[in-house]
**Student:** 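Here it is, the structure in full.
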Amino acid sequence: MHNKYPFTRLRRGRQASWSRLLVKEHHLTPSNLILPLFVEEGDGEPSAIESMPDCFNYSIKYIINKAQEAEALGIPAIALFPKIALSKKTEDGIEAINPDNLICRTIRAIKEQKLNIGVIADVALDPYTSHGQDGIVKNGNVDNDITLEQLKKQAIVLAKAGADIVAPSDMMDGRIGAIRCALEEEGFKNIIILSYAAKYASKFYGPFRDAIGSTKQLGAQNKSTYQMDPANTKEALSEVTMDIQEGADWLMIKPGMPYLDIIKLVSDHVNVPLFAYQVSGEYTMLHELAKKSHQDFIPLMLEALLSFKRAGADAIFCYAAIEIAKELR
Ligand code: PBG
């Protein structure tokens with residue numbers, strides 16, 4: 001009876017911006033955003049990342065500026081990714097556990113500023129390996145358990161440097177449990193583990209691999225023996241369940257827009273904070289769309305980010321977080 005025209009005209013609620021505002025179901029605020037930042041050696045000017053418009057590799061001095069800017073805009077956290085010099089990349093990625101490596105120095109420099117912003121550090125070996133894989137290769141395979149030993153040490157080194165959140169991103173089995181135990185043993189009881197719980201073997205990471213300089217290293221190889229098959233849905237729930245049992249505090253699904261069904265599924269199934277990563281390829285795609293269709297980038301990005309909120313994500317990693325936060329204020 002009630003859903004019958006003309007008694008029900010859904011357009012009544014859409015007639016003015018005030019009425020649309022009243023019935024808006026989902027909201028995006030700067031507090032929903034996490035800013036990923038790329039850091040490089042030296043103290044030079046920011047260097048452009050060719051495959052990611054308006055994105056730069058920053059030296060430590062400039063990263064500090066970015067962290068301050070993010071804090072001032074109400075962005076609650078930044079995620080740091082290092083571009084490691086070719087000369088420091090090795091088969092075993094041992095630079096990952098050097099307490100004076102680029103990422104640890106960056107974390108310490110940011111922490112000295114006493115900002116009210118969370119610092120997230122990736123736990124994975126790919127920036128450090130000469131072959132670009134996320135783990136240590138033995139007999140042609142990315143060896144799960146040998147890699148875990150190194151990840152534990154990497155997590156401790158990052159925690160000692162002052163990271164608030166460690167984010168294991170490599171999809172090795174058992175990494176969350178191994179890292180949680182290592183952190184507890186070393187007395188780091190308050191470090192948050194943000195697990196890249198369902199991370200798919202995606203082509204959308206292409207620009208990121210350019211940014212951290214691992215594209216050439218990886219060559220024709222892929223990461224399909226550890227990252228998830230894009231064809232799988234139920235497996236994401238297995239990954240998520242395992243990671244919660246092993247001690248993950250928060251979860252992430254990645255990439256974002258091509259995997260909104262997974263975000264929705266996981267948010268319907270678990271009661272753990274859930275993040276989404278709008279990855280480098282999605283970011284570049286939206287920039288290219290804006291350019292090719294003569295539209296502004298920001299409204300396209302805002303629409304894309306709202307889709308994550310509808311799907312159930314609490315916060316979103318977004319390379320345009322600063323620009324979006326400015327728009328939202
Ligand atoms: C690596 C890592 C990747 C991303 C974040 N951490 C790439 C990969 O798995 O090859 C991708 C982020 C992006 O594309 O924006 N452990």
Side-chain angles (χ1 to χ4, degrees), residues 17 20-38 54-55 58 63-81 106-107 110-111 113-122 162-167 169 190-198 240 244 248-257 259-260 262-264 266-268 270-280 282-283 286 296-329:
S17 59
R20 290 193 293 272
L21 198 57
L22 276 176
V23 298
K24 202 181 276 294
E25 295 177 43
H26 295 279
H27 297 267
L28 183 71
T29 72
S31 62
N32 301 134
L33 301 172
I34 293 164
L35 173 67
L37 289 167
F38 296 107
D54 298 340
C55 267
Y58 296 102
I63 283 274
I64 289 173
N65 294 343
K66 281 282 154 192
Q68 288 165 338
E69 198 180 353
E71 184 206 33
L73 286 164
I75 294 171
I78 55 175
L80 301 171
F81 297 98
T106 308
I107 296 169
I110 293 171
K111 282 286 153 182
Q113 306 295 312
K114 307 259 179 263
L115 303 174
N116 180 26
I117 199 162
V119 175
I120 305 175
D122 233 45
D164 302 293
I165 302 176
V166 292
S169 72
N190 278 325
I191 300 282
I192 293 166
I193 298 181
L194 167 57
S195 172
Y196 286 66
V240 158
I244 295 172
D249 300 290
W250 298 344
L251 302 174
M252 178 138 67
I253 309 298
K254 176 181 179 188
M257 220 155 63
Y259 296 87
L260 286 174
I262 306 298
I263 298 172
K264 175 75 179 133
V266 172
S267 83
D268 285 346
V270 304
N271 300 318
V272 171
L274 181 62
F275 296 174
Y277 201 137
Q278 185 193 49
V279 301
S280 56
E282 300 174 62
Y283 169 84
L286 291 170
D296 288 339
F297 168 72
I298 297 289
L300 286 169
M301 182 50 100
L302 283 169
E303 187 177 334
L305 292 173
L306 258 185
S307 74
F308 291 96
K309 294 295 304 274
R310 285 199 315 276
D314 296 298
I316 307 141
F317 281 58
C318 173
Y319 292 100
I322 294 233
E323 294 84 337
I324 294 298
K326 282 182 183 162
E327 176 71 20
L328 293 172
R329 289 206 132 200

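FYI, side chains are in, hydrogens and waters are out, and symmetry mates aren't considered; it's all heavy atoms of this structure.
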**Student:** Which heavy atom in Ile107 sits nearest to a heavy atom in Leu80, and how many Å separate them?
**Tutor:**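 It is CG1-CD1, 3.9 Å.
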**Student:** Given Val166, which partner from the list Ile192, Ile191, Val119 fulfils the side chain to side chain contact (heavy atoms under 4.5 Å, CB included) test?
**Tutor:**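 Passing option: Ile191.
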**Student:** Between Asp314 and Phe275, is there a donor-acceptor pair closer than 3.5 Å when you use the side chain of the first and the backbone of the second?
**Tutor:**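 The answer is no, because no donor-acceptor pair under 3.5 Å joins these two groups.
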**Student:** Would you please classify the geometry between the Tyr283 ring and the Phe297 ring as parallel, tilted or perpendicular, with 30° and 60° separating the classes?
**Tutor:**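 If you compare the ring of Phe297 with that of Tyr283, the planes turn out perpendicular.
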**Student:** For Asn116, look at atom CG and say whether over 12 heavy atoms of other residues, nucleotides or ligands are found less than 6.0 Å away.
**Tutor:**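 No.
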**Student:** Looking only at heavy atoms, which two atoms of Ala77 and Ile120 are closest? And how far apart?
**Tutor:**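 Shortest heavy-atom contact: CB-CD1, 4.0 Å.
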**Student:** So does Cys318 get a backbone contact from the side chain of Gln278, meaning a donor-acceptor N/O pair under 3.5 Å?
**Tutor:**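 Answer holds: no.
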**Student:** Using a 3.5 Å distance criterion without hydrogens, assess whether the side chain of Glu282 forms a donor-acceptor pair with backbone atoms of Met257.
**Tutor:**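 Yes; judged by distance alone, with no hydrogens or angles, the pair exists.
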**Student:** List the steps and the verdict of side chain to side chain contact (heavy atoms under 4.5 Å, CB included) for Val266 and Ile262.
**Tutor:** CA-CA 6 Å; Val266 172; Ile262 306 298; 4.2 Å; yes
**Student:** Should His27 and Asn32 count as side-chain neighbours, where that means a heavy-atom distance under 4.5 Å?
**Tutor:**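 Heavy-atom side-chain distance check fails, nothing below 4.5 Å.
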**Student:** Once you measure the plane-to-plane angle for Tyr319 and Tyr277, does it fall in the parallel (<30°), tilted (30-60°) or perpendicular (>60°) bin?
**Tutor:**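 Aromatic pair Tyr319/Tyr277 classed tilted.
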**Student:** Does Ser267 use its side chain to pair, donor to acceptor, with the backbone of Ala311 at less than 3.5 Å?
**Tutor:**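 Yes, Ser267 side chain to Ala311 backbone: donor-acceptor pair under 3.5 Å.
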**Student:** I need the minimum non-hydrogen distance between Ala67 and Ile110, along with the two atoms involved.
**Tutor:**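 What the structure gives for the nearest pair is CB-CG2, 4.4 Å.
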**Student:** If you compare all heavy atoms of Met301 against all heavy atoms of Ala320, which two are closest, and at what distance to 0.1 Å?
**Tutor:**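 Between these two residues, the closest heavy atoms are CE-CB, 4.0 Å.
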**Student:** Going by heavy atoms in the side chains, are Leu28 and Phe308 under 4.5 Å from each other?
**Tutor:**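 A side-chain contact is absent here, since even the closest heavy-atom pair is not under 4.5 Å.
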**Student:** Return the CG to OG distance between Leu22 and Ser17, rounded to the nearest 0.5 Å.
**Tutor:**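 The CG atom of Leu22 sits 10.0 Å away from the OG atom of Ser17.
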**Student:** Please name the pair of heavy atoms, one in Ala197 and one in Val240, separated by the smallest distance, quoted to 0.1 Å.
**Tutor:**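 Minimum heavy-atom separation between Ala197 and Val240: CB-CG2, 3.9 Å.
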**Student:** Within the 4.5 Å heavy-atom criterion, are Asp122 and Ser169 side-chain neighbours or not?
**Tutor:**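 Yes; the side chains approach each other to less than 4.5 Å.
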**Student:** With a cut-off of 6.0 Å (strictly less than), are more than 12 heavy atoms of other residues, nucleotides or ligands near CD of Glu303?
**Tutor:**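 Counting neighbours around CD of Glu303, 12 or fewer heavy atoms of other residues, nucleotides or ligands fall under 6.0 Å, so no.
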**Student:** Taking only Lys NZ, Arg NE, NH1 and NH2, and the carboxylate oxygens of Asp or Glu, determine whether Lys326 and Glu323 approach each other closer than 4.0 Å.
**Tutor:**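 Salt bridge between Lys326 and Glu323, a charged N being under 4.0 Å from a carboxylate O: no.
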**Student:** Rounded to the nearest 0.5 Å, what separation is found between the CD atom of Glu69 and the NZ atom of Lys66?
**Tutor:**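 Between atom CD of Glu69 and atom NZ of Lys66 there are 4.0 Å.
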**Student:** So, taking the atom named CE in Met252 and the one named CZ in Phe317, what distance separates them when rounded to the nearest 0.5 Å?
**Tutor:**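 It is 4.0 Å, given to the nearest 0.5 Å.
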**Student:** With rounding to the nearest 0.5 Å, note down the distance linking CG in Leu305 to NE2 in His26.
**Tutor:**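 Atom-to-atom, Leu305:CG and His26:NE2 are 14.0 Å apart.
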**Student:** Return the CD1 to CG distance between Ile324 and Leu302, rounded to the nearest 0.5 Å.
**Tutor:**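 One finds 4.0 Å between CD1 of Ile324 and CG of Leu302.
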**Student:** CG/Leu251 to CD1/Ile263 distance, rounded to the nearest 0.5 angstrom?
**Tutor:**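 Here the rounded value is 12.0 Å.
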**Student:** Check the pair Ile165 / Trp250 against side chain to side chain contact (heavy atoms under 4.5 Å, CB included), numbers first and verdict last.
**Tutor:** CA-CA 10 Å; Ile165 302 176; Trp250 298 344; 3.6 Å; yes
**Student:** Taking all non-hydrogen atoms of both residues into account, name the closest pair between Ala70 and Ile78 and its distance.
**Tutor:**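 Shortest heavy-atom separation between Ala70 and Ile78 comes out as CB-CG2, 4.3 Å.
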